[in-house]
Amino acid sequence: MRERVLAELRQEIIDGRLRPGDRLVERELADRLGVSRVPVREAIRALLTDGFVTFETPRRAVVRTLTRTDVTELFELREALEVYATGLAAQRATRADLDGLEELLDRAAVATRAGDAAAITEANTRIHDRILATAGNGLLISVMEPVDGRLRWLTRRNEEWPQLLTEHRELYEAIASRDPEKARASALAHVRTNRASTLRHLFGEVSGEGEVSDESGPGAAPVAGPSPA
């Protein structure tokens, strides 16, 4: 029961149905989800550990408002781990792995043409999951797991869907080439482009190496709330 409630609340945060600053009231959530308050309380504690929730007071839990520093740090971690994983995937991909990626790209293309935000997010998330699985490094997967939800929370904000599709196709081509260096370069470009797009969407215009040109100062600007996509 706890895991079901946790999965539902996490997804609501990622999707933007629960927005940064929204209060998580045990009684209300228990009534809405049709459970007792115990699994809700346990799920909220797990969301705190996962970085989705913070306690403003000992009795007041709210969806966390990420700062620019939070976003930057998450993308720095993503850059290090995903670039490495994509290089491994280029070395280790089987024909079945490549066929699976092609199928997911086809789904992403259909969803992109339809402008279906939920389907786009699902397909794009599975593309990255498939690349990580193709890398074939269990320890790498376990390292990514604690921050995977927060990374999805961030990448959900990127609404530049045709560009994402193009970049994912380039990732596929690089992996299919069996050239690890080419794959790592493609992954690095993808992560950095996504970082710039996310920062621009959340905090303002981006110039140079992803530096945000507002006047709030580094790390000071909070995420006001996710886009409806």
Side-chain angles (χ1 to χ4, degrees), residues 7 10-11 14-15 50-51 70-114 116-199 201 209-210 229:
R10 183 191 291 118
Q11 195 61 47
I14 291 172
D15 290 345
D50 289 347
D70 294 327
V71 174
T72 298
E73 289 178 351
L74 282 166
F75 270 101
E76 286 173 348
L77 182 62
R78 183 183 173 194
E79 182 175 306
L81 298 181
E82 285 195 15
V83 170
Y84 179 62
T86 306
L88 289 179
Q91 292 177 288
R92 299 173 177 177
T94 65
R95 184 66 255 174
D97 291 324
L98 295 176
D99 288 345
L101 280 171
E102 281 190 290
E103 180 183 344
L104 291 170
L105 283 168
D106 288 342
R107 292 187 196 177
V110 170
T112 299
R113 286 194 295 270
D116 186 338
I120 290 169
T121 299
E122 173 66 16
N124 288 343
T125 295
R126 292 190 63 187
I127 286 169
H128 282 280
D129 288 346
R130 187 65 181 248
I131 292 172
L132 189 59
T134 300
N137 187 312
L139 182 58
L140 183 60
I141 293 172
S142 68
V143 170
M144 285 287 289
E145 187 174 2
V147 296
D148 182 62
R150 274 178 284 172
L151 287 172
R152 294 184 187 190
W153 192 15
L154 283 181
T155 55
R156 173 78 176 188
R157 274 76 165 175
N158 189 343
E159 298 176 345
E160 298 174 12
W161 300 326
Q163 177 65 24
L164 281 173
L165 180 60
T166 297
E167 291 174 15
H168 285 158
R169 283 175 170 155
E170 290 172 353
L171 275 177
Y172 167 80
E173 294 295 337
I175 292 169
S177 74
R178 314 288 186 177
D179 183 339
E181 185 174 347
K182 180 179 179 180
R184 286 192 291 269
S186 180
L188 180 60
H190 173 56
V191 173
R192 288 184 174 175
T193 299
N194 192 223
R195 174 181 179 269
S197 297
T198 302
L199 286 170
H201 177 75
E209 291 294 324

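All heavy atoms count here, side chains included; hydrogens, waters and symmetry mates do not.
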Practice task
Just do the salt bridge (charged side-chain N to carboxylate O under 4.0 Å, His left out) check on D148 and R10 with the steps written out, would you?
Solution key: CA-CA 11 Å; D148 182 62; R10 183 191 291 118; over 6 Å; no
Handout entry: Chi angles and distances behind the side chain to side chain contact (heavy atoms under 4.5 Å, CB included) call for H128, L151
Key = CA-CA 11 Å; H128 282 280; L151 287 172; over 6 Å; no
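Counting only residues at least two apart or on different chains, the side chain to side chain donor-acceptor pair (under 3.5 Å) pairs with a member in residues 83-94 are T94-D97.
Under the side chain to side chain contact (heavy atoms under 4.5 Å, CB included) criterion, A108 pairs with A123, N124, I127, L165, not counting sequence neighbours. By the salt bridge (Lys or Arg N to Asp or Glu O under 4.0 Å) test, E102 is found to be paired with R95, residues two or more places apart in sequence or in another chain being considered.
When side chains are defined from C-beta on, Y172 does not count as touching I175, because their heavy atoms never get closer than 4.5 Å. Residues T198 and N194 have side chains in contact (heavy-atom distance under 4.5 Å, counting atoms from C-beta outward). Residues E79 and R195 form no side-chain contact, since every pair of their non-hydrogen atoms from C-beta on lies 4.5 Å or further apart.
Closest approach of R184 and G87 over heavy atoms only: CG-CA, 3.7 Å. Closest of all the heavy-atom pairs between A119 and A111 is CB-CB, 3.6 Å. Nearest heavy-atom pair across R169 and A109 is NH2-CB, 3.6 Å. Annotation for A187 and E82: closest pair CB-O, 4.3 Å, computed over non-hydrogen atoms. For the pair D50 and R150, the tightest heavy-atom approach, listed with the atom from each and the gap, is O-NE, 2.7 Å. Counting all heavy atoms, side chain and backbone alike, F75 lies closest to L154 at CE1-CD1, 3.9 Å.
For the atom pair OG1 of T193 and CG of L164, the computed distance is 9.5 Å after rounding to the nearest 0.5 Å. Here H190 contributes atom NE2 and H168 contributes atom NE2; the two are 3.5 Å apart, rounded to the nearest 0.5 Å. Between Q163 atom CD and T112 atom OG1 the span is 11.5 Å, to the nearest 0.5 Å. Note that CG of L105 is 11.0 Å distant from CZ of R107, once rounded to the nearest 0.5 Å. Rounded to the nearest 0.5 Å, atoms CG (L104) and CG (D129) are 9.0 Å apart. Between L171 atom CG and T166 atom OG1 the span is 11.5 Å, to the nearest 0.5 Å.
The number of heavy atoms from other shown groups lying within 6.0 Å of CD (Q11) is above 12.
The only member of V143, V147, L132 that meets side-chain contact (heavy atoms from CB on, under 4.5 Å) when paired with L81 is V143.
Without hydrogens or angle criteria, T121 side chain to A117 main chain gives a donor-acceptor distance under 3.5 Å.
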